[in-house]
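Input: a single structure, listed below in structure tokens.
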Amino acid sequence: MALLKIHEPGQTPLPHEDERQLAVGIDLGTTNSVVAISNDEKPEVLRDKSGGTAIVPSVVYYGEGADPVVGEAAREQINSHADRVVSSVKRLMGRGLADVKSIAGTLPYHVEVPSEEATQSGEPMMVRLNVGDRVLTPVEVSADILRALRARAEESLEKPVEKAVITVPAYFDDGARTATKDAAKLAGIEVLRLVNEPTAAALAYGLDNGAEGLYAVYDLGGGTFDISLLKMQKGVFQVKATGGDTALGGDDFDHAIAEHLLAERKDSGTVDSLDASDAKRLLQTARKVKESLTGADSTDITVSLGGADSTHTMTRATFEAMIAKLILRTITITEQVLDDADILADDVKGVVLVGGSTRVPAVRKAVAELFEQEPLSNIDPDEVVALGAALQAEALTGGSDNLLLDVTPLSLGLETMGGIVEKVIDRNTPIPVAKAQEFTTYQDGQSAMMIHVVQGEREMVDQCRSLARFALTGIPSMAAGAARIKVTFNVDADGLLTVSAREETTGTEQEVAVKPTYGINEIDMANMLRESMMHAREDMEMRLLTEARVEARRNILAVQAAINVDRPLLERQDEDNIMAAIAKLEAAMSGEDRDLINQQAEALEDASRPFAEARMDSRIRQALAGRNVDQVNEFGS
Amino acid sequence: MHSVSNTGISETRTAEHPQHAVCWSCKGPVAASALFCDTCHAIQPPGQLDHFTRFGLNRDFIIDLDAIEATYLKQQQLLHPDRFASKSPREQALSSQQAATLNGAFETLKNPVARAEYLLRLAGEEPEGGEGHTVNDPALLMEAMEMREALHDAVDRATIDTMIKDTRKQARACEQDVADALAQNAYDRAKKLTTRLRYLMKMTEEARAKKSRLAAA
Ligand SMILES: [Zn+2]
């Protein structure tokens with residue numbers, strides 16, 4: 001018999017898979033985005049070809065009949081083509097009608113709010129953006145930004161990049177997380193994990209400084225504020241508590257300045273009626289004012305709108321007075337999070353600053369006062385999140401001694417009688433988590449039950465975000481209160497929720513599982529995928545092929561491991577069959593035929609069945625022999 | 001003999017020998033409590049271990065939280081989905097189940113009220129219900145009402161801080177009483193004390209919430 005080589009477990013050389021695929025870390029920010037890669041726990045940001053900045057402005061220009069342009073080049077189009085430039089789209093990710101009403105006015109482009117009719121027809125509708133002659137969803141715009149980041153990474157690394165860890169604000173709800181994952185799908189990126197931005201930042205600092213203890217991460221970006229408390233011990237980063245505001249950030253500082261400038265013009269007799277283009281230019285001016293007041297005590301500004309120029313002087317003190325309320329809000333939220341976690345500001349060993357808006361001196365001062373220490377800032381606050389994401393991408397593909405343990409940022413619950421929310425999973429619960437709660441019917445013979453899943457901290461349903469509604473039907477006829485409906489919530493490591501419901505008293509197993517929708521249903525998503533990526537199908541097929549190979553390899557290793565342990569139980573004939581099956585499976589694995597791989601994997605399972613049975617029998621015989629001893633011991637104790 | 005109930009054991013456990021299961025990966029024998037198969041090292045489903053056994057503890061109310069946390073972190077290092085990102089979908093799913101079960105067990109043991117109720121259930125006793133149920137202990141109701149009124153009247157953070165400290169002290173004493181009652185198998189007393197402990201914890205929480213509301217205003 002030709003001897004087949006048996007490899008050590010974990011060392012089977014296989015084609016295709018051994019080459020670790022490159023995985024990058026992406027900080028998909030409201031104002032700016034950054035992509036980074038890590039090797040040997042040394043992360044670095046990827047810069048443009050000229051070795052310039054790592055920052056890619058999260059701005060997309062949709063020229064007539066042309067491919068979208070992303071980044072600085074898109075930002076330069078704001079003056080000439082304001083109606084074709086989209087910025088701050090992250091604020092709309094996973095947002096529906098209700099949120100848009102409150103933030104639409106603060107956005108520099110036209111947002112198409114879904115009609116009441118369309119909204120009432122059932123599913124929540126996602127907003128659409130009117131950009132020149134196109135109608136786009138926020139998911140598509142985000143996908144364009146991600147494509148640009150992917151292209152930058154591939155150009156810089158000179159290799160294909162298909163996997164990434166993408167960061168999201170800790171406070172992002174389920175809808176916004178799903179929307180982010182969908183955007184990545186559209187951009188042809190497999191998301192290894194969604195990681196919360198503050199957690200990523202802490203990871204970058206933690207590994208850098210090798211520090212153990214409690215850390216606070218204060219993250220003030222363009223559009224969002226997050227505060228997280230993390231404990232680092234023995235290589236594990238545990239998120240203890242998070243809090244924040246999805247509609248508070250440096251953009252609000254810009255708005256405050258812009259409004260101040262407009263008020264001054266009005267005082268001197270200039271009445272402005274701003275169009276989209278004016279508004280964008282004014283906001284750009286405001287941003288420059290903010291940036292110069294980071295270093296200077298005072299700055300001079302010229303505003304030219306509608307042919308009327310005006311000059312202004314703004315001092316840092318004036319600016320700080322304008323934003324004092326906004327900063328105080330972040331400090332209040334921080335105090336609440338500390339309280340929630342039962343942690344005193346003194347217990348915090350270090351404070352990490354993240355986000356460009358933490359460059360504002362008044363922000364730093366407020367944070368330093370609260371924690372009675374100077375915040376850490378030796379890593380660029382614009383890059384730290386991407387660096388942490390890159391570290392996590394490396395950990396997920398190449399292994400690591402460090403582990404991130406994250407939590408649910410918001411409570412998850414169900415609507416009960418009277419529109420009251422019954423919480424099933426509290427906020428700040430470590431993930432992944434699975435929790436079940438029992439409910440019952442309130443009418444005799446009730447055959448269906450509406451299950452309404454919500455997210456948020458408030459007690460009334462209409463004050464929380466609605467994630468999903470579905471009906472559990474086919475409940476057998478029973479008296480009111482007799483049925484036992486078990487509703488199970490599962491939150492995975494990405495923070496994404498799946499809900500299932502089941503009637504338990506009778507044998508009837510009726511189970512419904514839903515993924516919350518966020519305004520784009522699966523059909524829309526499939527259509528967008530088809531349109532945007534002709535190779536979507538092949539990509540999918542490729543992924544399934546890789547999975548089949550991974551599974552087949554595991555199969556072979558498992559059988560080989562069993563042979564190493566229980567060789568005496570292996571009959572000669574069975575061994576021959578197993579070896580032959582392994583050879584055939586390995587041959588199939590080097591090919592591209594997924595069905596053949598699965599078929600040969602099954603054949604291997606069949607061939608090794610007699611051996612598996614022999615192993616089980618032997619163990620049970622041993623157990624029976626040992627049982628008497630156990631019983632004696634238990635009596636004795 | 002142990003009185004661990006084996007109801008709902010997953011189908012991979014052999015019927016006659018609940019302490020043995022079949023490894024889904026190599027099809028060989030594996031201990032029912034094993035996280036990984038000894039032979040092929042594949043991750044196993046979480047099974048039906050009670051939380052105390054999962055953490056290698058006796059069923060006592062008094063526990064060493066630091067030691068439990070150390071065990072928790074050690075197990076999460078092995079079981080968390082991040083460790084299985086490049087494994088097969090089945091292994092990823094099992095890791096997610098294991099990590100969720102571990103998280104659930106840790107959360108239950110960490111929280112004294114949840115821990116007491118869990119011990120009562122393990123002993124076959126139904127604890128006095130949660131929020132929806134009415135409590136008919138007049139002394140406790142009176143105590144709770146007085147605390148609520150005091151909290152309602154408090155207008156400055158210092159007063160509330162004193163209240164929080166005071167309530168915490170009472171909660172710690174109550175925890176000790178719960179521990180004693182459970183140790184003596186005095187389940188009815190343990191149930192009553194657990195309800196009181198729940199009230200005290202809730203009051204602390206409400207006081208903290210009011211404190212942050214005052215800070216925000
Ligand atoms: Zn095995």
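Just so we're on the same page: letters track the sequence lines, and every chain starts at 1. Just so it is clear, the values below take in all heavy atoms, side chains as well, and ignore hydrogens, waters and symmetry mates.
The shortest non-hydrogen separation linking Leu192(A) to Leu396(A) is CB-CD1, 3.8 Å. Closest approach of Leu197(B) to Pro112(B), counting heavy atoms only: CD2-CB, 3.9 Å.
For Val433(A), the part lying near chain B is the backbone, with the side chain staying farther off; criterion is any non-hydrogen pair under 4.5 Å. Looking at Glu605(A), the atoms closer than 4.5 Å to chain B (heavy atoms on both sides) all sit in the side chain, from C-beta outward. At a 4.5 Å heavy-atom cutoff, the contact between Lys87(B) and chain A is made by backbone atoms alone. For Asn490(A), no part lies under 4.5 angstrom from a heavy atom of chain B. In this structure, the portion of Glu91(B) lying under 4.5 Å from any heavy atom of chain A is its side chain and not its backbone. Neither the backbone nor the side chain of Glu613(A) comes within less than 4.5 Å of any heavy atom of chain B. Contacts between Ala493(A) and chain B at a heavy-atom distance below 4.5 Å involve the side chain alone, from C-beta outward. Residue Gln77(B) touches chain A through both its backbone and its side chain, counting heavy-atom pairs closer than 4.5 Å. Only the backbone of Ile431(A) comes within less than 4.5 Å of a heavy atom of chain B; no side-chain atom from C-beta onward does. In this structure, the portions of Pro81(B) lying under 4.5 Å from any heavy atom of chain A include both its backbone and its side chain.
Between Leu414(A) and Phe489(A), some side-chain heavy-atom pair lies under the 4.5 Å cut-off. A 4.5 Å side-chain heavy-atom check between Asp60(B) and Phe52(B) finds every atom pair outside the cut-off. Two residues are said to be in side-chain contact when any heavy atoms from C-beta on lie closer than 4.5 Å; Thr498(A) and Asp492(A) fail this criterion.
When the heavy atoms of residues 97-105 of chain B are compared with those of chain A, the residues falling under 4.5 Å are Ala99(B), Ala100(B), Asn103(B), listed by number. Residues from residues 162-174 of chain B that place a non-hydrogen atom less than 4.5 Å from a non-hydrogen atom of chain A comprise Arg168(B), given in numerical order.
A salt bridge between Arg502(A) and Glu438(A) is absent, with no side-chain N of the basic residue lying under 4.0 Å from a carboxylate O of the acidic one. In summary, Arg609(A) and Asp574(A) do not engage in a salt bridge, as defined by a charged side-chain N under 4.0 Å from a carboxylate O.
Judged as a side-chain contact (heavy atoms from CB on, under 4.5 Å), and not counting sequence neighbours, the contacts of Ala612(A) are Lys27(B). Scored by the ring-ring contact (aromatic ring centres under 6.0 Å, His included) test, Phe106(B) finds Tyr72(B) as partners (sequence neighbours excluded).
Remark: the backbone N or O of Ala393(A) is paired with a side-chain donor or acceptor of Thr397(A) at under 3.5 angstrom. Panel note: side chain Lys486(A), backbone Gln437(A); no donor-acceptor pair is recorded below 3.5 Å. Tyr118(B) places no side-chain N or O within donor-acceptor distance of the main-chain N or O of Asp50(B), the cut-off being under 3.5 Å. Side-chain atoms of Thr159(B) never come within 3.5 Å of backbone atoms of Val155(B) as a donor-acceptor pair (strictly under, hydrogens ignored).
Other residues, nucleotides and ligands contribute at most 12 non-hydrogen atoms within 6.0 Å of the CD atom of Glu459(A).
With rounding to the nearest 0.5 Å, the separation of CD1 in Ile68(B) from CZ in Arg54(B) is 13.0 Å. In this structure, the separation between CD1 on Ile556(A) and CD1 on Ile582(A) is 6.0 Å, given to the nearest 0.5 Å.
Ranked by heavy-atom pairs under 4.5 Å with chain A, the first of Ser25(B), Cys40(B), Pro89(B), Ser96(B) is Ser25(B). For the options Ile331(A), Val491(A), Asp401(A), heavy-atom pairs under 4.5 Å to chain B are most numerous at Asp401(A). Note on Glu547(A), Arg329(A), Glu551(A), Arg554(A): by heavy-atom pairs under 4.5 Å with chain B, the leading option is Arg554(A). When each of Ala42(B), Gly28(B), Cys37(B), Ser95(B) is scored by its heavy-atom pairs under 4.5 Å with chain A, the top score falls to Gly28(B).
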